Amino acid sequence: MHKLTKRNILELFMIMLGCAIYGLSLDMISAPNQLTDGGISGITLLLRHFWGINMGLSSLLLNIPLIILGYRFMGKRLLAYTIWGTLWLSFFLWFWRLVPIIYQLNLEHDLFLSAILTGTLSGIGLGLVFRYNGTSGGTDIIARICQIKYGLSSGKVLLFCDAIILFASLSYLDLKHIMYTLVASFILSRVMDTVQQGAYSARGLLIISDNYEKIAEMIDLKLDRGFTYLEARGGYKKTKRPVIYLVVSPREIPAVKELIAAEDPKAFVSVIEVHEALGEGFTYKQKRQHLLIRK
């Protein structure tokens with residue numbers, strides 16, 4: 001039997017927390033304000049509207065075939081996490097309906113604010129679930145499979161699935177509510193990807209210059225940042241030259257540009273978005289900040 005580690009316990013707890021936030025968003029904002037949702041959640045809202053079926057029960061039943069499908073691609077551990085997330089989401093969809101807190105937030109007359117809030121809360125909830133290697137069932141399973149097999153963004157896959165369910169929701173909602181739901185779905189996909197990939201973003205720089213040694217020296221002295229030399233070959237002259245690669249925080253970009261311009265105004269610089277940076281200077285042993293002062 002696999003022994004639970006502290007990491008496993010943290011993942012299971014965060015998946016549960018993510019499902020609680022997502023379920024609260026559906027019960028407290030989406031359902032009362034007639035904003036539908038995508039995927040299985042959208043179907044449960046549709047079933048609740050027409051036949052009054054409990055969202056927790058319908059969510060559980062609809063997830064069974066998707067969980068079986070997911071087993072082929074996700075393996076035993078991820079399948080266990082998916083079942084865990086599915087059960088907790090079904091529980092919270094039932095539980096929040098019994099808690100008076102969901103009746104205390106009245107946004108009925110402001111659909112735009114409702115769309116922003118439900119998109120943000122749902123994005124945080126699902127982002128936590130995905131960040132800690134789980135899913136809450138439903139189309140999350142499809143998104144996870146696409147992420148594993150094809151490297152597609154889970155947020156974009158969910159947005160596509162949401163669009164299909166939203167089209168079906170036109171059977172009981174008017175176009176106005178559907179449009180606001182699309183706004184919520186877009187916010188959800190952006191917030192979810194941000195939470196999943198890491199809220200702390202960084203910037204990677206590729207620097208090509210004849211004065212690479214002097215630039216590297218200034219990076220070390222004035223920015224206190226590590227860097228790496230990459231061996232490269234010119235496309236035209238075929239000459240070999242080192243390329244400097246370093247990762248900095250977004251607020252350090254102006255200082256780096258000023259430093260490079262001072263040493264070589266003709267240097268070629270490519271700035272790359274880095275969704276998450278792990279290691280010295282970012283997640284531990286934070287570097288001290290310097291003011292870039294020319295000598």
Side-chain angles (χ1 to χ4, degrees), residues 10-31 33 35-45 55 59 63 66 70 73-74 78 81-82 84-86 88-90 92-93 96 112-166 169 178-202 273-278:
L10 174 63
E11 289 175 340
L12 292 173
F13 174 77
M14 296 307 290
I15 291 171
M16 180 187 70
L17 178 61
C19 289
I21 296 172
Y22 182 42
L24 179 64
S25 174
L26 292 176
D27 276 339
M28 184 173 65
I29 306 172
S30 296
N33 294 284
L35 291 176
T36 185
D37 197 8
I40 293 296
S41 299
I43 297 175
T44 60
L45 286 167
M55 292 170 61
S59 174
N63 270 298
L66 288 174
F73 299 94
M74 297 188 298
L78 189 52
Y81 278 22
T82 297
W84 173 264
T86 300
W88 277 114
L89 179 60
S90 298
F92 282 114
L93 286 172
W96 290 127
F112 183 68
L113 183 58
S114 299
I116 292 176
L117 190 55
T118 192
T120 302
L121 283 177
S122 296
I124 292 172
L126 289 177
L128 286 174
V129 171
F130 271 69
R131 184 179 178 88
Y132 289 92
N133 303 312
T135 78
S136 61
T139 51
D140 293 3
I141 297 175
I142 298 175
R144 176 64 80 179
I145 292 173
C146 291
Q147 185 183 48
I148 293 172
K149 286 187 65 65
Y150 307 108
L152 298 177
S153 161
S154 54
K156 291 182 175 62
V157 174
L158 285 177
L159 185 60
F160 175 76
C161 294
D162 287 352
I164 297 175
I165 304 301
L166 291 179
S169 299
I178 293 295
M179 294 303 294
Y180 277 114
T181 300
L182 283 173
V183 172
S185 296
F186 175 77
I187 295 173
L188 183 154
S189 69
R190 301 293 293 185
V191 173
M192 178 182 172
D193 283 343
T194 299
V195 173
Q196 183 185 357
Q197 296 166 358
Y200 183 89
S201 62
E273 184 175 1
V274 178
H275 291 293
E276 188 172 9
L278 306 176

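Heads up: numbering here begins at 1 and tracks the sequence. All values derive from a computational prediction rather than experimental measurement.
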field: Separation between CH2 of W96 and OG of S25, rounded to the nearest 0.5 Å
entry: 11.5 Å
message: When you measure from the side chain of W88 to the backbone of I15, do you find a donor-acceptor pair of N or O atoms at a distance under 3.5 Å?
response: no
message: Keeping T118 on the side-chain end and A115 on the backbone end, is there a donor-acceptor pair under 3.5 Å?
response: no
- request: Supply the atom-to-atom distance L26 CG to T44 OG1, rounded to the nearest 0.5 angstrom.
  value: 7.0 Å
query: Rounded to the nearest 0.5 Å, what separation is found between the CG atom of N33 and the CE atom of M28?
result: 10.0 Å
query: Does I116 have any side-chain contact (heavy atoms from CB on, under 4.5 Å) partners at least two apart in sequence or in another chain, and if so, which?
result: F112, T120, I187
task: To the nearest 0.5 Å, tell me how far W84 CH2 sits from F13 CZ.
output: 10.5 Å
- prompt: Of the non-hydrogen atoms in C19 and F92, which two are nearest, and what is the gap between them?
  reply: C-CD1, 4.1 Å
Residues that I21 engages under side-chain contact (heavy atoms from CB on, under 4.5 Å), provided they are two or more places apart: L17, L121, I124, L128
message: Rounded to the nearest 0.5 Å, what separates atom OH in Y132 from atom CE in M14?
response: 4.5 Å
message: Just to verify, what does L126 make a side-chain contact (heavy atoms from CB on, under 4.5 Å) with, not counting sequence neighbours?
response: Y22, S136, D140, L158, L188, M192
